[in-house]
Amino acid sequence: TDAAYLRGALFLEDLRKRIGEKAFNAFLQDYASSYTHKIATTDDFFSTLDKHTDVDYADIINTYFLNR
């Protein structure tokens with residue numbers, strides 16, 4: 001449960017803090033509207049995020065996905 005829900009929420013919160021509230025909300029709205037009733041991939045998630053920010057978030061990715 002922690003891996004899927006708690007860490008997922010913490011990941012999104014860290015992204016929001018890094019890229020800012022406005023960019024994060026725009027990303028979420030774009031992602032939700034683009035993939036409603038579709039199956040989104042990891043690449044879909046990050047390509048949509050990249051459309052809304054130029055901020056480097058690689059360390060966050062490393063923390064949540066590579067440093068296990």
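Owing to the predicted nature of the structure, the values given are computational and were not obtained by experimental measurement. Below, all heavy atoms of this structure are taken into account, side chains as well, without hydrogens, waters or symmetry copies.
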inquiry  = Just so I know, are the side chains of Leu49 and Tyr31 near enough to count as touching, which here means a heavy-atom distance under 4.5 Å?
reply    = no
task = Decide yes or no for Phe24 and Leu15: does some side-chain heavy atom of the first lie under 4.5 Å from some side-chain heavy atom of the second?
result = yes
remark   = Separation between CG (Leu10) and CD1 (Ile60), nearest 0.5 Å, reads 11.5 Å
remark   = Output for pair (Asp14 CG, Arg7 CZ), nearest 0.5 Å, gives 9.5 Å
ask   = Does CD belonging to Glu13 count more than 12 external heavy atoms closer than 6.0 Å?
value = yes
key: Residue pair Thr48, Tyr35: steps toward the side-chain contact (heavy atoms from CB on, under 4.5 Å) verdict   = CA-CA 10 Å; Thr48 305; Tyr35 297 101; 3.7 Å; yes
message = For Phe65 and Phe11: C-alpha separation, side-chain torsions, deciding distance, then whether ring pair (Phe, Tyr, Trp, His ring centres under 6.0 Å) applies.
response = CA-CA 10 Å; Phe65 298 102; Phe11 167 70; 5.2 Å; yes
query = Which pair of non-hydrogen atoms, one from Ser33 and one from Asp30, has the smallest distance, and what is that distance?
reply = OG-O, 3.2 Å
Atom pair CZ/CG of Phe27 and Asn25 - distance to nearest 0.5 Å = 10.5 Å
request  = Kindly compute the distance separating OG1 (Thr42) from CD1 (Ile61), expressed to the nearest 0.5 Å.
outcome  = 9.5 Å
Evaluation steps, salt bridge (charged side-chain N to carboxylate O under 4.0 Å, His left out), between Arg18 and Asp59 = CA-CA 11 Å; Arg18 178 67 56 88; Asp59 60 316; 2.7 Å; yes
query = What is the minimum heavy-atom distance between Ala23 and His52, and which atoms define it?
reply = CB-O, 3.4 Å
task = Consider only side-chain N and O atoms of Asp50 and Ser47, and report whether a donor and an acceptor are under 3.5 Å apart.
result = no
